[in-house]
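We count ligands from 1, going down the list as the structure has it; atoms in each ligand are counted the same way.
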Amino acid sequence: MPLERRSGTFSPPTLQTLPAAVTANVAELRARTRSTIMAVVKADGFGHGAVTVARAAVAAGAGWLGTTSLADASALRAAGLAVPILTWLHPSGIDAEAAAATGVDVAVGSVDELGALVAQAVSTVRIHLHMDTGMSRGGCPRDRWDELIRLARHAQQARKVRVVGVMGHLPLADRADPAANAPAVARMRRARQAVRAAGLGSPLVHLAATSGTLTDPATHFSMVRVGAGLVGIDPSETVELHGASRLTAPIVHTAAVPAGTAVGYGGAYVTDRATHLSVLPVGYADGIPRECSPQAGVEIGGRRFPVAGRVSMDQIVIDTGADRFRIGTSATVFGPAGGATPTIRDWARWAGTIPHTIVTGIGPRVKRSIA
Ligand SMILES: *Cc1c(COP(=O)(O)O)cnc(C)c1O
């Protein structure tokens, strides 16, 4: 078999989303809670395509959607998704009229933020009071909850807002230890009580994300906000979920080299035998972690082969040993668990990070497709 370049074309690097995996993951989550599921599709659905993930999740029974910005929420509306949507980060502030017009709920995490919203609101905006339940990363600090609730009551009486929900967040849920969540659960109950006592009715209460949903029913309240779990990531590593994406890349160059050949920048890898090298056109600009352990590898033809030498900006080299592959042969960088294919958890381990950073880091040059 000749190793030289073959004329013709082949599939470019592609990140394929697997909606059936999202469906299966929502079923796994629903089996563990009776609470409403909010499908969190921030960061473009954890890199899997927000609309694709949202559609699959809603079809599988998620009743709400969550995003960080109103712009992301509007894109979901434009795609025809009609379920309630909550946004909570507001990277360019809250546009009260845009929120009301798109029918998108906004989380309000401080007295100042609510004051600014009330000042601009013409129509009634649906809000969720975002309480800091122990994360110290957004949300109203506990010593100002009463003030926030009082202001919310006045704003609701003036029909500027409708308090639809009360939210918190769990800082330690990935420990899969209910005792670690107990302080936040107690704070969430206190917030719920204060909101009811203020005459704001019984809004939705939501605290848990994926880990809490999978490991601690006491955190579920009326709704859970699940992001990572939709795409197969369980931060608590207690449940085997279904990987929802596959990254493939074609072999674009091959070479047969003798023992003692230095590969890539710095010659960091030296072949210890005569071997074959295959080049894949994906590098750190495409989200392949530059810092990773020598265990890192990819699947080609049903077998695992190691990445040889440094990850370049646009390419990696694979040591395929005695195997010679044709130009255009597809390699799987990661995919759902099974066989020789690495998972996103493998890549996270090799890179000393979490799987979230692998899937959200895939760059824009990589083509997207849906299975
Ligand atoms: C990302 C996020 C979630 C979802 O968390 P996962 O662990 O990905 O399920 C829930 N709530 C808030 C506020 C978030 O930012």
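- Among residue pairs with one or both ends in residues 28-84, those qualifying as ring pair (Phe, Tyr, Trp, His ring centres under 6.0 Å) are Trp64-His128; sequence neighbours excluded.
- For Asp132 and Arg142, the salt-bridge test fails: no basic side-chain N is under 4.0 Å from an acidic carboxylate O.
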Distances for all N or O pairs of ligand 1 and the protein under 3.5 Å?
| from | atom 1 | to | atom 2 | distance (Å) |
| --- | --- | --- | --- | --- |
| ligand 1 | 8 (O) | Ala228 | N | 2.8 |
| ligand 1 | 9 (O) | Thr210 | N | 3.0 |
| ligand 1 | 9 (O) | Thr210 | OG1 | 2.5 |
| ligand 1 | 9 (O) | Gly227 | N | 2.8 |
| ligand 1 | 9 (O) | Ala228 | N | 3.4 |
| ligand 1 | 11 (N) | Arg225 | NE | 2.8 |
| ligand 1 | 11 (N) | Arg225 | NH2 | 3.2 |
| ligand 1 | 15 (O) | Lys42 | NZ | 2.8 |
| ligand 1 | 15 (O) | Trp88 | NE1 | 3.4 |

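- In summary, Arg273 and Asp319 engage in a salt bridge, as defined by a charged side-chain N under 4.0 Å from a carboxylate O.
- Look at Glu28 and Arg32 and you find a salt bridge, because one of the NZ, NE, NH1 or NH2 atoms lies within 4.0 Å of a carboxylate O, short of that distance.
- Under 4.0 Å is where a charged nitrogen must lie from a carboxylate oxygen, and between Glu147 and Arg150 no such pair does.
- The environment of CZ in Arg153 is crowded: more than 12 heavy-atom neighbours from other residues, nucleotides or ligands sit within 6.0 Å.
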